[in-house]
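Below, all heavy atoms of this structure are taken into account, side chains as well, without hydrogens, waters or symmetry copies. Note on naming: letters A, B, ... go to the chains in the order of the sequence lines (proteins, then strands), and numbering restarts at 1 for each one. Just so it is clear, the model here is predicted, and its values are computed rather than measured.
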Amino acid sequence: MSVSPPQAQQESRVKVPAGTTAGDAVQQAGLPSKGPEAVVVVRDDEGQLRDLAWVPETETEVAAVAADTEEGRSVIRHSTAHVLAQAVQQLFPEAKLGVGPPVKDGFYYDFDVDRPFTPEDLQALEKRMKQLVKSGQKFRRREYGSLDDARAELASEPYKLELVDLKSGSDEVDTSEVMEVGDGELTVYDNIDRHGETVWGDLCRGPHVPHTRFLPAFKLTRVAAAYWRGDQSNRQLQRIYGTAWESKEALDAHLEWLAEAERRDHRRIGAELDLFSFPEEVGSGLPVFHPKGGIIRRELEDYSRRRHEQAGYQFVNSPHITKSALFETSGHLGWYADGMFPPMHLDEERDENGELRKPGQDYYLKPMNCPFHNLIYRSRGRSYRELPLRLFEFGSVYRYEKSGVVHGLTRVRGMTQDDAHIYCSPDQLQDELKSLLGFVLDLLRDYGLEDFYLELSTRNEEKYSGTDEQWQRATDSLREAAESSGLELVPDPGGAAFYGPKISVQAKDALGRSWQMSTIQVDYDLPERFDLEYTAADGSKRRPIKIHRALFGSIERFFGVLTEHYAGAFPAWLSPVQAVGIPIADEHLPHLERVFDTLRSRGLRVELDSGDDRMQKKIRNHTTQKVPFMVLAGGKDVEADAVSFRFRDGSQLNEVPVEQAAAALTHWVQRRENASPSAENFGAELA
RNA sequence: GCCGCCUUAGCUCAGUCGGUCAGAGCGACGCACUCGUAAUGCGUAGGUCAGGGGUUCGACUCCCCUAGGCGGCUCCA
C-alpha cells in the first residue's frame with residue numbers, strides 16, 4: 001500500500017485592504033470557499049494564522065491557507081475539538097474543560113468528569129457532534145476586556161482559570177505554546193447558532209474555521225486518561241481522541257492507513273509467522289524467539305558483525321550481572337536505579353545467633369554495557385597507537401520498565417544491544433564521528449531503511465554530570481558531524497543522557513512513521529569516572545574521549561521495526577524460508593527434490609512441501625507465510641528440466657530452466673536484494 | 001507507576017437476564033482424493049471459561065485480589 005500525502009498546494013497570496021475581512025478579500029480573489037481546497041484561515045506577514053473574520057488595520061498581503069494543507073487541517077482539527085467539548089458539556093453538564101489542541105492526524109480534548117467515558121459515550125458524543133455541525137454554527141472570536149472579565153466568565157471552569165492565572169501570573173511559565181491562551185490578548189471563541197444565539201464558548205487563542213460547514217469529516221477514536229498539564233502529580237483527566245479531515249475521502253484514507261498499520265503490527269505478524277512470543281510464564285517484556293525469528297535475528301546480526309569487523313571493530317563479551325560497585329562508579333545507580341531490576345543480595349553469612357558474620361553484597365542485572373567496556377579498556381596500559389579503539393558487543397541488558405510502558409518488541413525489559421564504544425583522542429574525535437555516522441547510515445540502508453533525519457539531544461539541566469566545557473565541546477562535535485551528513489537536523493533540548501549529548505538517527509518506515517534507530521553519544525564523563533588513560537607519543541598520560549553508539553539500538557526493537565516496515569514480507573536474504581517447492585502432483589516430486597538439493601547445497605534456506613494438501617492450498621499457505629519464492633514443477637517443467645516461479649504478489653514465471661533459476665535465486669539472496677521478488681524484477685535477473 | 005478496557009480450545013472469536021451454552025472457523029491429527037498458480041471432502045482429539053478468593057440453591061456470567069494483554073498518560077541510560 002502506498003499512502004502519499006496530498007501535494008502541498010501552491011499558496012495564493014491575497015491583498016486584504018484596511019477595514020476589510022480577510023474572508024471577503026479571499027472571496028474577492030475567487031478562491032474556493034467549499035470543498036477540500038476551501039480557504040479556512042489566512043497567514044499574515046508575521047507568519048501568524050488569522051481567522052477569515054480578521055480585519056487588518058492597514059492593507060496587508062496574506063497567504064490563503066487551504067483546508068487540505070497541514071496548517072489547514074490543524075485548524076479544522078482544533079475547531080472539531082471545540083465541537084467535541086460543546087457536545088460533552090451538553091451530554092455531561094458537570095464536565096469541566098481541560099485543553100483541546102490539534103495533534104498529528106487529529107485532536108484531543110481533556111475533561112474532568114465524574115466517571116470515565118465509555119465507548120457508548122463516544123458514539124453518543126460523535127452523534128451529537130454531527131448534529132451540531134449540521135445545525136450550522138459560527139465560530140466567533142471575542143476579546144476579554146480584562147483578566148478579571150475572563151475570570152468572571154470562567155468561574156465554573158477551574159482548569160481554564162488556572163491557565164488564565166498562569167498567563168497573568170509571571171514570566172516563569174511560557175504560555176505561548178498553550179492553545180487556550182497563547183501569548184497575545186486573551187480571547188474566547190463563541191459558538192453561534194443559526195439564530196444568532198451564543199450557545200457555547202471556550203477560552204482559546206484560535207484561529208478557527210468560520211463555520212461548522214468547514215468540518216466535513218471527523219471521527220472519535222479512543223478515550224484515555226491523561227494527567228492535567230502532563231504532570232504525574234496532577235489529577236488525571238479523561239482524554240477523548242479524534243481525527244478530522246478536509247473531506248470524507250481524506251478521512252477514509254486515514255482510517256485505511258490505520259487499518260494497514262494494524263495489519264503490520266509486529267506483535268500480530270510475530271504470531272502469524274511464528275517468529276517470537278511473550279510467554280506469560282517468563283514475564284512482561286521478555287520475548288522468546290522461535291526458530292523462524294531466530295533465523296532472521298541471526299541474519300541481521302551476522303551481517304552487522306561482518307560489517308563491523310571490516311570497519312575495525314573488535315568483539316568483546318561481558319556478563320549479565322555485576323557487583324554494585326561498577327554501577328556506582330559509572331553513575332548509573334545514581335541516575336537510573338529506578339529503572340534497574342532490584343539487586344540480588346548474595347554471600348551474606350550469619351552466625352547461629354543471627355548476627356552478621358559476613359555482610360554480603362549486591363549484584364545487579366546490567367542495564368548498560370559501557371561500564372564493562374571501560375574495564376576492558378583499563379585492563380592494561382593503552383597506547384595512542386591503539387586509538388581509536390573500537391569495542392563491540394551484542395550485549396543483553398535488562399531494564400525494569402514500568403508496567404504500563406512495556407510494548408511488543410519495541411519496549412521490553414530484556415534486550416540485546418549492538419553496543420559499541422570507541423575510545424579516541426581529542427584530535428581523532430571529529431573524523432571518527434563523521435565516519436561513524438556514515439557507517440551507521442550505510443548499514444541501515446543495507447537493511448532497507450532509506451529515509452532519515454537526525455536529532456541532536458542536548459543537556460538536561462536537571463540531570464547531567466561533567467563540566468560545561470566538556471558538554472560544549474561534545475555538543476559542537478556532534479553538531480558538526482550531523483551537519484556534514486546533509487540530513488535534516490532537529491534539536492531535542494534536554495534529551496541527552498547524563499554523561500553526554502547524542503545524535504539519534506530517526507528512520508521512516510514504509511508507512512511514513514519515524515522510529516529512533518541508531519544513537520551516537522560523545523562522552524567525556526565516563527573516562528573521568530573510570531580514570532581511563534592512554535600514553536601519548538610524548539610519553540604523557542592523556543584521557544581518551546568515549547563515543548557510545550548503538551546501531552540497531554536494540555535488536556528486538558529493530559526486529560520489530562523491520563517487521564512492520566516489510567509487513568512481514570522480509571527480503572529474501574532475511575526470510576526464514578527463502579523458497580518453497582510445490583509439486584503439481586506427487587509424480588513431480590523427484591524432479592523438485594533434485595532442484596532443491598542444488599539450492600540447499602548453495603546455502604539457500606529451502607523447503608519442499610510434499611504434504612498432501614492440494615497445490616492451490618499450498619500456494620495459499622506459503623503466500624500467507626510470505627515466502628518470497630514459490631517454486632512449482634509440473635509435467636511441462638519436468639519435461640523441459642525447468643521450474644515455474646510464483647511470487648508473493650501472485651505474478652509468475654513459467655518453465656525457467658533449472659540451472660538458470662538456481663543461479664538467479666542464489667544471486668538474488670547473496671547480493672541481499674531488499675525488493676520483494678516479482679515476475680518483473682526477478683525476470684530481469686534471469687535475463 | 002496512573003486511568004480505562006480486555007483474558008472462553010494452539011489461533012481468531014460466538015456464548016441473551018446468573019439456571020443443557022462448553023460452541024464455530026482455522027490449525028493439529030487420521031482417512032480418502034493426486035490436482036498447473038490463494039482454501040478438496042469426511043472424521044478425531046483439544047477447554048479447571050487466565051489464576052485465586054467471595055456472593056448465591058446455582059457463577060464463563062456479579063464482587064474483590066493477582067498475573068498477563070490492549071489504548072493512552074508519565075517515563076525511556
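Distance noted for atom C1' between B:G41 and B:U34: 14 Å (whole Å). Nucleotides B:C2 and B:U66 place their P atoms 10 Å apart, quoted to the nearest Å. Nucleotides B:G53 and B:G71 place their P atoms 32 Å apart, quoted to the nearest Å. Comparing B:G1 with B:G47, their C1' atoms sit 35 Å apart, to the nearest whole Å. Rounded to a whole angstrom, the distance from the P atom of B:C62 to that of B:G18 is 8 Å. A gap of 26 Å separates the C1' atoms of B:C31 and B:G36, to the nearest Å. Taking atom P in both B:C11 and B:U48, one finds a spacing of 13 Å when rounded to whole Å. Comparing B:U56 with B:U61, their P atoms sit 16 Å apart, to the nearest whole Å.
Using a 3.5 Å distance cut-off with no hydrogens or angles, the side chains of A:Ser676 and A:Arg648 do pair a donor with an acceptor. The closest side-chain donor-acceptor pair between A:Arg646 and A:Ser651, if any, does not fall under 3.5 angstrom. No side-chain donor from either of A:Ser324 and A:Asp362 sits under 3.5 Å from a side-chain acceptor of the other. Using a 3.5 Å distance cut-off with no hydrogens or angles, the side chains of A:Glu328 and A:Ser330 do not pair a donor with an acceptor. For the residue pair A:Asp110 and A:Trp228, no side-chain donor N or O sits within less than 3.5 Å of a side-chain acceptor on the partner.
For B:G46, the base is syn relative to its sugar; the glycosidic angle is within 90° of 0.
Heavy atoms of A:Gln616 sit under 4.0 angstrom from primed sugar atoms or phosphate atoms, though from no base atom. Backbone-only engagement by A:Ala497 is indicated by non-hydrogen atom pairs under 4.0 Å involving sugar-phosphate atoms exclusively. Using a 4.0 Å heavy-atom distance criterion, A:Asp612 is classed as a base contact. A:Arg239 comes within contact range of the sugar-phosphate backbone alone, with a heavy-atom separation under 4.0 Å but no base atom that close. Nucleic acid contact for A:His407: sugar-phosphate only, since backbone atoms but no base atoms lie under 4.0 Å from a heavy atom of the residue. Heavy atoms of A:Phe117 sit nowhere under 4.0 angstrom from any nucleic acid atom. A:Lys366 comes within contact range of no nucleotide atom at all, as no heavy-atom separation falls under 4.0 Å. A:Pro367 comes within 4.0 angstrom of a nucleotide base, judged by non-hydrogen atoms across all strands. As judged by a 4.0 angstrom heavy-atom cut-off over every strand, A:Lys636 is placed among the base-contacting residues. The residue A:Tyr241 sits close only to the backbone: its heavy atoms come under 4.0 Å of sugar-phosphate atoms, none of a base. Looking at heavy-atom distances under 4.0 Å, A:Ser644 makes contact with a base. When heavy atoms are screened at a 4.0 angstrom cut-off, A:Gly339 is found touching base atoms of the nucleic acid. Using a 4.0 Å heavy-atom distance criterion, A:Asp637 is classed as a base contact. The residue A:Gly635 sits close to a base: some heavy atom pair falls under 4.0 Å.
Considering only side-chain N and O atoms, A:Lys617 lies under 4.0 angstrom from the phosphate OP1 or OP2 of B:G27. Here A:Arg614 reaches the OP1 or OP2 of B:U40: one of its side-chain N or O atoms lies under 4.0 Å away. Residue A:Arg267 has a polar side-chain atom (N or O) positioned under 4.0 Å from OP1 or OP2 of B:G71. Between B:G71 and A:Arg222, no contact under 4.0 Å exists linking OP1 or OP2 to a side-chain N or O.
Between the side chain of A:Tyr227 and the base of B:G1, a donor-acceptor pair under 3.5 Å is found. With hydrogens and angles left out, the side chain of A:Glu401 and the base of B:C76 share no donor-acceptor pair within 3.5 Å. Counting distance only, with no hydrogens placed and no angle test, the side-chain atoms of A:Arg411 and the base atoms of B:C75 include a donor-acceptor pair under 3.5 Å.
If A:Gln238 and A:Asp586 are placed on RNA chain B by their nearest nucleotide, the residue sitting closer to the 5' end is A:Gln238. Annotation: of the two residues near RNA chain B, A:Thr623 and A:Phe278, the 5′-most nearest-nucleotide partner is A:Thr623.
The nucleotide whose nearest atom lies closest to any side-chain atom of A:Ala225 is, among B:A77, B:U37, B:C3, B:C3. The side chain of A:Tyr400 approaches B:G1 more closely than any other nucleotide in the set B:A77, B:G71, B:G1. Checked against B:A77, B:U74, B:U37, the side chain of A:Val405 finds its nearest nucleotide in B:U74. Listed nucleotides: B:A77, B:U37, B:C3. Nearest to the side chain of A:Met615: B:U37. Among the nucleotides B:G36, B:A77, B:C73, the one closest to any side-chain atom of A:Gln236 is B:C73. Between B:G71, B:C35, B:C73, one nucleotide has an atom nearer to the side chain of A:Ala585 than all others, and that is B:C35.
Using N1 to N3 plus N6-O4 or O6-N4 for Watson-Crick, or N1-O2 and O6-N3 for G-U wobble, each under 3.5 Å, B:A28 pairs with B:U44. In this structure, B:C13 and B:G23 make a Watson-Crick or G-U wobble pair, each of the two defining distances being under 3.5 angstrom. As the counterpart of B:C35, no nucleotide is assigned, since no Watson-Crick or G-U wobble pattern has both distances under 3.5 Å. Nucleotide B:A67 has B:U7 as its partner under the Watson-Crick or G-U criteria, with both atom distances under 3.5 Å. Across every strand in view, B:C73 sits in a pair with B:G1 that passes the Watson-Crick or G-U test at under 3.5 angstrom.
If you take CD1 of A:Ile240 and P of B:C5, they are 15 Å apart, rounded to a whole angstrom. Put simply, CD on A:Glu587 is 7 Å from P on B:C35, counting in whole angstrom units. Rounded to an integer number of Å, the gap from CG of A:Asp121 to C1' of B:G71 is 16 Å. As a whole-Å value, the separation of A:Asn621 CG from B:A28 P is 8 Å. Atom pair A:Met415:CE and B:C76:P shows a separation of 14 Å (rounding to whole Å applied). The nearest whole Å value for the distance from the CZ atom in A:Arg557 to the P atom in B:C76 is 14 Å.
Under the 6.0 Å cut-off for aromatic ring centres, A:Phe647 and A:Phe682 qualify, their centroids lying closer than that. Between A:Phe111 and A:Tyr109, the gap from one ring centroid to the other is short of 6.0 Å. Aromatic ring centres of A:His332 and A:Tyr364 lie farther apart than the 6.0 Å criterion allows.
Using a distance-only test at 3.5 Å, with no hydrogens or angles considered, no donor-acceptor pair links the side chain of A:Asn374 to the main chain of A:Pro527.
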